[in-house]
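Numbers restart at 1 for each chain; the letters A, B, ... are given by sequence-line order, proteins then strands. All values below were derived from every heavy atom in this structure, side-chain atoms included, with hydrogens, water molecules and symmetry-related copies excluded.
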Protein chains: 2
Amino acid sequence: MATIYEVSALAGVSLSSVSRVLNDHEHVSEKTKKKVMAAMAELEYRPNPVARSLASSRSDSIGVLVSELHGPFFGDMLSSIELALRNAGKHAVITAGHSDEESEKKGLDFLIDRNCDALILLVDAMSDDDLIKLSRNKTPFVILNRNIPEIRENCFYLDNELGGYLAAKHLIELGHKDIAYISGPLSKQDSTERLTGHKRALIEAKIPFNKALFYEGDYLTQSGRDGISNFIENKVLFTAVACANDEMASGAMRGARDNSINIPSDCSIIGFDNAYFTEYLFPQLSTINNPIKAMAKMSTEWILKNVYKQKDLEIKNLFSPELIKRESVVKVITGIKQ
Amino acid sequence: MATIYEVSALAGVSLSSVSRVLNDHEHVSEKTKKKVMAAMAELEYRPNPVARSLASSRSDSIGVLVSELHGPFFGDMLSSIELALRNAGKHAVITAGHSDEESEKKGLDFLIDRNCDALILLVDAMSDDDLIKLSRNKTPFVILNRNIPEIRENCFYLDNELGGYLAAKHLIELGHKDIAYISGPLSKQDSTERLTGHKRALIEAKIPFNKALFYEGDYLTQSGRDGISNFIENKVLFTAVACANDEMASGAMRGARDNSINIPSDCSIIGFDNAYFTEYLFPQLSTINNPIKAMAKMSTEWILKNVYKQKDLEIKNLFSPELIKRESVVKVITGIKQ
DNA sequence: CAAACAACTGGAAGCGCTTCCATTCTTGAT
DNA sequence: ATCAAGAATGGAAGCGCTTCCAGTTGTTTG
């Protein structure tokens, strides 16, 4: 690999000048610029990013820390981030935290130590306080899928409450009154918010919240199935079930089938997130769209604007969910199950 | 951040000594080691990986280049790699090539320039020749999901031919004779291999290959659906369809439903890869397991063994597919459709 | 035409670490 | 006690680049 020395020698100018054209500095004459460019081309020079980073403590790369690397949610998000950064000539350095606090912190240190110019965090084990503390460090960062009031500007998140509300309202409008709910783990912010929205719709319709129709899942498929078993064991009637994500909804569909409940004629099911596989299901799952790609893109735009000083970028922090009507939700057949 | 200078000063030893304990060199007395460790602890010293990498042209990190970041296939793979590396104290730097040749090459350069100690490549746009050329460079690498004879040692791949064979054989054993096949793009190695296996099973059973029952898809859902439409337009009978991946199989299931064909009673469907969503489908999809996680793990072990000189690692390059029987394939009901 | 200023260029220090080389200190064998 | 061989240490150069500072050149104005 050619170094800057060789370029400088071949071009017949100083190191500094080469560095200047490399960094697009002002105060470089066209003449030397041309000479340098020519030399670079001839030597097929590629600047060494490591040396650059050491000397400048910049890196043109953004660290991305996610809790997991698999699953539809993270895949879409990473994909969207990588693309947006690449288009801006920046690079993503991706690492995983495995939803474990220590592991997340290690990942964070790794990224910071690598001189990442900024970070994109999708973490759930670290506490709000840790994150707030982190914001006093010099590496700027944004947080996805989480709303911490103290650093709201850095947070990009869905209006989960509204999502929960929309799902329930949709069911209610179709005549459902006995609506079961399978939530995510209530230790997670998004879970509680979605549940709150669900309850709001219930209250609005003057439907009491029935604890026997509530099941706390863990966002994984099996817990959707377990939820249905639970409701059936409880011997409570229900004509619809709202699930806090699509995985659990798919589990619920299976749980229903296990018990010879036909979807949607016997029971409607609605999911949340609009993962890509919802369209593969039969019946196709009605759900709430979670514009995760847009959020991810926006978070990189925040970085482009605030870290790389790019202009003309409108930033918004809150994203709105939308009802996606498909096949798994239908009008309640009154009189049958009531 | 404390630097090595401060540690050296506080410990009362030279830079070199600090560096030696940092790198676990021999020829360091217990005494100085203790002093240095204490100083490091007191200063909360974290070595600067960038400086390290510049001085040593190593980095303790492995570059991972995948064609896409989303989808079940890549997610599982990345997840598995990251975990294996993390357990070995190494780091993954992940980037995407977007199945575009130029983009892949850029990603490659990015990783090489960052002094990655080794690379894991899952690329499809770059040619075999490019990869063979690359093998003459100093950065070692492994290739996933591709078999290039000239550098076989570095390749980790599935016996796709056997997979195709197993799927077809399963159908044949259940009495199917009119078997449609929806392949992946024939420009891809795995597609043609799977098809070859399929044909072998046909030949073995003396079933002629019917071109009207062949459709070239693109590994995406929609093309599975299109495949079914195509067969129906061709007015050819079929009692089963083998698909070259699960996405297309899910599309085929939908295509069948669109045409009031019941799965599996009217028509059996088998997929390939055993993606996680196959269990969500109804009926659950019978498929061929692709041990992608094991392959990914093995590829990192190759690196641990050959680059980091770790002992006791058995390496194998070829992985075997396995039939996963679920609900979408049943015995042919002879006499009905024949 | 000189003075004042801006544009341009080169020199050199420094980013934080590794590593080669030379030097000093220990051993154990004699 | 002596001496070689090896272990332990320190010094210093260097990895490839950025950036500050000072110096040079060119341009403009009174």
Side-chain angles (χ1 to χ4, degrees), chain A residues 1-40 43-61 91 109-110 112-117 138-139 308, chain B residues 1-37 39-40 43-61 109-110 112-117 138-139 308:
Chain A
M1 284 285 5
T3 74
I4 200 174
Y5 289 93
E6 303 167 41
V7 174
S8 128
L10 182 61
V13 300
S14 72
L15 275 193
S16 338
S17 292
V18 178
S19 175
R20 274 187 208 102
V21 346
L22 215 49
N23 293 289
D24 228 25
H25 267 257
E26 42 184 7
H27 304 325
V28 195
S29 71
E30 275 306 311
K31 213 174 66 187
T32 66
K33 199 171 193 167
K34 281 231 176 74
K35 283 194 289 186
V36 171
M37 299 284 239
M40 285 181 177
L43 294 169
E44 293 185 44
Y45 170 71
R46 284 196 331 233
N48 179 327
V50 179
R52 257 185 143 171
S53 181
L54 178 61
S56 67
S57 40
R58 284 182 278 95
S59 67
D60 280 350
S61 65
H91 290 277
D109 285 344
F110 171 73
I112 293 174
D113 287 350
R114 301 267 150 166
N115 279 346
C116 284
D117 298 338
K138 75 167 202 294
T139 310
Y308 298 118
Chain B
M1 283 286 3
T3 73
I4 200 174
Y5 289 94
E6 302 166 44
V7 175
S8 127
L10 182 63
V13 300
S14 72
L15 274 195
S16 337
S17 292
V18 178
S19 175
R20 275 187 208 103
V21 346
L22 214 51
N23 293 288
D24 228 24
H25 266 257
E26 40 185 7
H27 304 326
V28 195
S29 71
E30 275 308 311
K31 212 173 68 187
T32 65
K33 199 171 192 167
K34 282 231 174 73
K35 284 195 287 186
V36 171
M37 300 283 241
M40 284 181 178
L43 294 169
E44 293 186 43
Y45 170 72
R46 281 196 333 231
N48 179 329
V50 178
R52 255 185 147 172
S53 180
L54 179 61
S56 68
S57 40
R58 282 183 280 96
S59 66
D60 278 349
S61 65
D109 286 344
F110 171 73
I112 293 173
D113 288 350
R114 301 266 150 167
N115 280 345
C116 285
D117 297 340
K138 75 166 201 294
T139 309
Y308 298 118

A.B. asks: Would you say B:Ser17 places a side-chain N or O within less than 4.0 Å of OP1 or OP2 belonging to D:dG10?
C.D. replies: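 Result: yes.
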A.B. asks: Using a cut-off of less than 4.0 Å, is there contact between a side-chain N or O of B:Thr3 and OP1 or OP2 of C:dG16?
C.D. replies: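 For C:dG16, OP1/OP2 do not have a side-chain N/O of B:Thr3 under 4.0 Å.
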A.B. asks: If you measure from OG on A:Ser29 to NZ on A:Lys34, what distance do you get to the nearest 0.5 Å?
C.D. replies: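 Rounded to the nearest 0.5 Å, the OG-NZ separation comes to 10.0 Å.
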A.B. asks: Please state how far atom NE2 in B:His27 lies from atom P in D:dA7, giving the value in whole angstrom units.
C.D. replies: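 For the pair B:His27 NE2 and D:dA7 P, the rounded distance is 5 Å.
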A.B. asks: To the nearest Å, give me how far apart NZ (A:Lys33) and P (C:dC8) are.
C.D. replies: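 A:Lys33 atom NZ is separated from C:dC8 atom P by 10 Å.
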A.B. asks: Figure out the CG/P separation between A:Asp113 and C:dC15, and round it to whole Å.
C.D. replies: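 To the nearest whole Å, that distance equals 17 Å.
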A.B. asks: Please confirm whether the shortest side-chain N or O distance from B:Arg52 to OP1 or OP2 of C:dG16 is below 4.0 Å.
C.D. replies: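 Answer is no, no contact under 4.0 Å.
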A.B. asks: Using whole Å, what does the distance between atom C1' of nucleotide D:dT18 and atom CG of A:Leu22 come to?
C.D. replies: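 After rounding, the gap between these two atoms is 10 Å.
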A.B. asks: Are A:Thr32 and A:Arg20 close enough that some pair of their side-chain heavy atoms sits under 4.5 Å apart?
C.D. replies: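 Answer no - side chains too far apart.
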A.B. asks: Within a reach of under 6.0 Å around CE of A:Met37, are more than 12 heavy atoms found that belong to other residues, nucleotides or ligands?
C.D. replies: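 Result for CE/A:Met37: open.
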A.B. asks: In whole angstrom, what separates B:Lys34's NZ from D:dA8's P?
C.D. replies: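 That distance rounds to 14 Å.
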A.B. asks: Counting any heavy atom closer than 4.0 Å, what does B:Val50 reach on the DNA or RNA strands: base, sugar-phosphate only, or nothing?
C.D. replies: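 No contact at all - B:Val50 keeps every heavy atom at 4.0 Å or more from the nucleic acid.
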A.B. asks: Determine the contact category for B:Thr32: base if any of its heavy atoms lies under 4.0 Å from a base atom, sugar-phosphate if only primed atoms, P, OP1 or OP2 are that close, otherwise nothing.
C.D. replies: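 Since only primed, P, OP1 and OP2 atoms lie under 4.0 Å of B:Thr32, the category is sugar-phosphate.
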A.B. asks: Between B:Tyr5 and C:dT18, is there a side-chain N or O to OP1/OP2 distance below 4.0 Å?
C.D. replies: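 No, B:Tyr5 has no side-chain N/O under 4.0 Å of OP1/OP2 on C:dT18.
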A.B. asks: Of all residues at least two apart in sequence or in a different chain, which pass the salt bridge (Lys or Arg N to Asp or Glu O under 4.0 Å) check with B:Arg46?
C.D. replies: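 Salt bridge (Lys or Arg N to Asp or Glu O under 4.0 Å) list for B:Arg46, sorted by chain: A:Asp109, A:Asp113.
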A.B. asks: For B:Asp60, which residues count as a salt bridge (Lys or Arg N to Asp or Glu O under 4.0 Å) partner, sequence neighbours excluded?
C.D. replies: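 B:Asp60 satisfies salt bridge (Lys or Arg N to Asp or Glu O under 4.0 Å) with B:Lys90 once adjacent residues are dropped.
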A.B. asks: To the nearest Å, give me how far apart CG (A:Leu54) and P (C:dA13) are.
C.D. replies: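 To the nearest whole Å, that distance equals 17 Å.
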A.B. asks: Using a 4.0 Å heavy-atom cut-off, does A:Val13 contact any base of the nucleic acid, only the sugar-phosphate backbone, or nothing at all?
C.D. replies: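 Answer is sugar-phosphate: A:Val13 comes under 4.0 Å of backbone atoms only.
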A.B. asks: Can you measure B:Glu26 atom CD to C:dT26 atom P for me and round it to whole angstrom units?
C.D. replies: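 So the two atoms are 20 Å apart, to the nearest Å.
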A.B. asks: Once you round it to whole Å, what is the distance between C1' of C:dC17 and CD of B:Glu6?
C.D. replies: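 My rounded result for the distance is 14 Å.
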A.B. asks: If you measure from CG on B:Leu22 to OH on B:Tyr45, what distance do you get to the nearest 0.5 Å?
C.D. replies: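 So the CG of B:Leu22 and the OH of B:Tyr45 are separated by 5.0 Å.
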A.B. asks: Each nucleotide in nucleotides 19-28 of chain D should get exactly one letter: B, S or -. Can you fill that in based on protein heavy atoms under 4.0 Å?
C.D. replies: BB--------
A.B. asks: Going by heavy atoms in the side chains, are B:Glu6 and B:Thr3 under 4.5 Å from each other?
C.D. replies: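 Side-chain contact under 4.5 Å: yes.
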A.B. asks: Kindly point out which of D:dC17, C:dT9, D:dT9 is positioned nearest to the side chain of A:Tyr45?
C.D. replies: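 Taking heavy atoms from C-beta onward, the closest nucleotide is D:dC17.
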